[in-house]
Amino acid sequence: MPELPEVETVRRGLEGAVVGRRIVEVKVLGRRTVRRQSPAELVTRLEGRKFATAGRRGKFLLLSLDDDAVLVVHLRMSGQLLHLSGAQRWPMAPHTHVVVALGDGTELRFVDPRTFGEWFVSSEIDGRGVPLELAHLGRDPLLEGLPTAYLAARLAGRRAGLKALLTDQRMIAGIGSIYADEICFRAKLRPDRSGGSLSAGEVTSLAKAARAVLRDAVASRGSSLRDLRYRDLDGEVGSFQERHAVYDRAGERCRRCGDHVERLKIGARAAYLCPGCQL
DNA sequence: CGCATATCCTGACTGC
DNA sequence: TGCAGTCAGGATATGC
């Protein structure tokens, strides 16, 4: 759900909301959010520090601190970061698992009904500012681009379907279910096409489509689905869902060719495609 | 190694 | 209207 465009939108919000602010107090209310270290250790390492920068790698948010450690946050399926001030702080939303009080009297809160989301503080940072725990991530298309040659090398000889490969974070960091389907549509390729079956021209279209879809989705501040679970730091929804060509549109007409959008089952996951447009 | 499958979880939806 | 069952999918572990 929150994928690269949504996480990038939240990151931009954090630049204005928390960068430069002092962390006055941290309360960990949920039992599952902090699991790589004890909640007490996370609290100790955050309290008294200042947020220095707001970064992102794939779907991970990276909030660096003034002692060079980094607070890593992943929203997973249902996590929301909210920046609240004054009367907005009450009543506290159900499933609020972390509350960070900032020096200016505002709060950064983490709300996450399904408790898949995660917070941890890392001190093991590589030369590019990336925590060691995230070393497995592949290229981030927004930060580092997605050259056709890189994609071609990673797809060569692969039997797995395009959707499975595009959402593999070790290959490309940041793409999830929604954008994999939208990228395949824009490239006119079926999500169940095997990676190794693409011609050079098709790999070029796929790389181009990935860059374009992610760029457009960031410009639209991400996609908020029917449950409106995804919201930015200020609680605002995104608008890219209005431009989805196939995702969650099973049975509706393709706006390009008029054919009916289909929903496939790939393993346990859904994939949407237009059979008229995608080969 | 590559690929498939199961797991975590709650809320929204579906069908009776 | 209520209730049981299904689905949603991020990342990770495990099995082959």
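Lettering follows sequence order; numbering is per chain, from 1.
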If you compare every side-chain N and O of R158(A) against the phosphate oxygens of dC3(B) (OP1, OP2), does one of them come in below 4.0 Å?
yes
If you look at every strand shown and take non-hydrogen atoms under 4.0 Å, does [X] touch a base, only sugar-phosphate, or nothing?
X	value
Y247(A)	sugar-phosphate
E3(A)	sugar-phosphate
K163(A)	nothing
R226(A)	nothing
R36(A)	sugar-phosphate

Sorted by position of nearest nucleotide on DNA chain B, 5' first, the leading residue of G161(A) and D227(A) is G161(A)
If each of A160(A) and R76(A) is mapped to the nucleotide of DNA chain B with the nearest heavy atom, which maps nearer the 5' terminus, i.e. the 5' end?
A160(A)
Round to a whole Å and report the spacing from CZ of R32(A) to P of dC8(B).
9 Å
On the side chain of R229(A), is there an atom forming a donor-acceptor pair with the base of dG11(B) - under 3.5 Å, no angle test?
no
Would you verify whether the NZ or CZ of R249(A) falls within 45 degrees of the ring axis of Y272(A) while also being under 6.0 Å from that six-membered ring's centre?
no
For [Y], is there an ion pair with [X] - N to carboxylate O distance below 4.0 angstrom?
X	Y	result
R49(A)	D66(A)	yes
D232(A)	R221(A)	yes
R36(A)	E118(A)	yes

Between dG10(C) and F116(A), is there a base-stacking contact, meaning the centre of the base's six-membered ring lies under 5.5 Å from the residue's ring centre while the planes stay under 30° apart?
yes
